[in-house]
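Step one of this worksheet: look at the structure below.
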Amino acid sequence: LRFRQRVDGLRDGRLDRGRVGVAPVGARQAGLAPRPRHRGARLERGELRADRLEAAREEAAHGDEHLVGEFAEYRGVGSPTDDSHWDLRIAWEKELSAGRWLGLTWPQEYGGRGASLIEEIIFEYEYARAAAPARVNQQALELLGPTLLEYGTHEQKARFIPAILSVDEVWGQGFSEPTAGSDLASVSTKARLSDGQWVIDGQKVWTTFGDRADWLYVLCRTDPDASLRHRGLTLLLVPVDQPGVEVRPIKNLAGSGEF
C-alpha cells in the first residue's frame, strides 16, 4: 500500500512516539501511563476447576450447533496467509459475533464477554478440534484490539472495539516495508501533522489481508531524527478507502493476495 498525500479521518487515535500508549491527535503527550490490564489477562494456578467445564461444554455445543449447512462443508478452510472462501468466512465470523464468541476476555462494556483467560484457552482448543473456518479479522482480534484495550482512551475503545467484534470493520497491518521487516526501527514511512491532520508518505508490504481491510494500523516515522529509532515512531489508525491510498495486492505462491 502506498500513501502519497493527505490522509483524512485520522483524528481517532495514534500510538505515540515509540511509547506503548494511545492518545487522540492534539492531546498532550504527557500522562500516558499504562492502566491495569483488563480482566482475564492473567492465568492463576488452579483456575481450571469444575465450573470451567461448563464453559468447555458450551463452546463444544456451539460448534456442533452452528458448524452446519454451508459452514460444515468448509471446515478447516483458510489461514492467516490464505484468503480463500473469504465471504463465507466473514459470514462465519459474524455467526461467532452473534454468539459473543469473539473477544472472550474483552470487557462487556465494549461487547466482549469479560471471560477468564482459561475460558478463552478452552474455546481455542474446542475451535481447533471442530476444525472451524479460520477467522479473518485476526489483526484486530490479536493485535490492535488488545492494544487499544490496554492503552486506548474510552472514546477510542467505544469507536473501534464494537466494530471489531461485530466484524463490521476488518483490519490489516501496516508494519513491514520493502526495506524494513523484522527490524521495525528501520521504518521509513513518514508522517507529519498539518492543520490538525496527519499526512503520510510511504509504502507498506506484508499487510496480512490489507488488500481486503477497511482500516490499517500504520507505523510511521514522525521524528526525522533517525538516531531515535523506535522512539521516533508513531502508530496511526488509517481508513483505507480514501484518496491517496493505493492498494496493490502481491500474490503468494498459493494465489492469495494477503501479502
Side-chain angles (χ1 to χ4, degrees), residues 1-3 6-27 29 32 34 38 80-81 102-103 106 110 135-178 180-193 197-223 230-242 244-247 249 258-259:
L1 297 102
R2 294 183 62 83
F3 306 91
R6 180 183 302 278
V7 176
D8 297 324
L10 296 182
R11 298 177 182 275
D12 293 290
R14 59 180 286 201
L15 193 78
D16 193 54
R17 297 178 62 81
R19 291 187 177 191
V20 187
V22 179
V25 172
Q29 295 182 13
L32 295 178
H38 62 280
T81 59
L102 301 176
W106 295 10
Y110 303 110
R135 298 188 288 273
V136 299
N137 210 11
Q138 292 298 82
Q139 289 298 317
L141 292 168
E142 295 183 357
L143 291 171
L144 178 67
T147 301
L148 286 177
L149 287 172
E150 189 73 18
Y151 301 108
T153 65
H154 171 72
E155 290 74 19
Q156 291 163 346
K157 296 172 191 175
R159 164 61 184 85
F160 291 109
I161 296 300
I164 290 172
L165 294 178
S166 64
V167 203
D168 288 330
E169 292 177 347
V170 174
W171 286 78
Q173 184 183 86
F175 280 2
S176 297
E177 300 177 358
S182 299
D183 180 16
L184 290 178
S186 299
V187 161
S188 60
T189 293
K190 298 178 176 60
R192 58 184 174 84
L193 195 58
Q197 295 180 320
W198 287 100
V199 180
I200 301 175
D201 188 359
Q203 186 174 5
K204 296 293 182 178
V205 296
W206 209 341
T207 55
T208 311
F209 302 140
D211 60 317
R212 296 180 177 271
D214 303 297
W215 286 76
L216 298 170
Y217 51 96
V218 180
L219 197 63
C220 307
R221 186 160 298 284
T222 48
D223 193 313
H230 304 88
R231 294 182 61 82
L233 299 176
T234 299
L235 190 69
L236 298 178
L237 310 181
V238 181
V240 175
D241 185 15
Q242 62 177 309
V245 179
E246 179 184 356
V247 180
E258 57 83 25
F259 191 80

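Start at 1 with the first residue, then count along the sequence. Heavy-atom basis, side chains included; hydrogens, waters and symmetry copies ignored.
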>> Between Val238 and Trp198, is the side-chain contact (heavy atoms from CB on, under 4.5 Å) condition met? List the steps.
In response: CA-CA 10 Å; Val238 181; Trp198 287 100; over 6 Å; no

Would you check if [X] and [Y] make a side-chain contact, meaning some heavy-atom pair closer than 4.5 Å?
X      : Y      : result
Leu102 : Asn137 : no
Leu165 : Leu141 : yes
Tyr110 : His154 : yes
Leu237 : Leu144 : yes
Gln138 : Phe209 : no

> What distance do Thr207 atom OG1 and Leu216 atom CG have between them, rounded to the nearest 0.5 Å?
Replying inline: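 With rounding to 0.5 Å, OG1 (Thr207) is 6.5 Å from CG (Leu216).
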
> How many angstroms lie between OG1 in Thr147 and CZ in Phe160, if you round to the nearest 0.5 Å?
Replying inline: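 With rounding to 0.5 Å, OG1 (Thr147) is 13.0 Å from CZ (Phe160).
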
Please find the pair of heavy atoms, one from [X] and one from [Y], that lie closest to each other, and give the distance.
X      : Y      : answer
Gly152 : Lys157 : O-CE, 3.1 Å
Val187 : Leu219 : CG1-O, 3.6 Å
Ser176 : Leu184 : N-CD2, 4.4 Å
Cys220 : Lys190 : CB-C, 4.4 Å
Val240 : Val245 : O-CB, 3.5 Å
Leu143 : Pro146 : O-CD, 3.5 Å

> Where does the angle between the aromatic ring planes of Trp171 and Tyr217 fall among parallel (under 30°), tilted (30 to 60°) and perpendicular (over 60°)?
Replying inline: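 Tilted.
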
>> Show me the pairs that pass salt bridge (Lys or Arg N to Asp or Glu O under 4.0 Å) and involve residues 161-177, at least two apart or across chains.
In response: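 Those involving residues 161-177 are Lys94-Asp168, Arg159-Glu169, Glu177-Lys204.
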
>> For the backbone of Ser186 and the side chain of Arg221, can you confirm whether one donor and one acceptor N or O come within less than 3.5 Å of each other?
In response: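 Side chain of Arg221 to backbone of Ser186, a donor-acceptor pair under 3.5 Å: no, none is there.
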
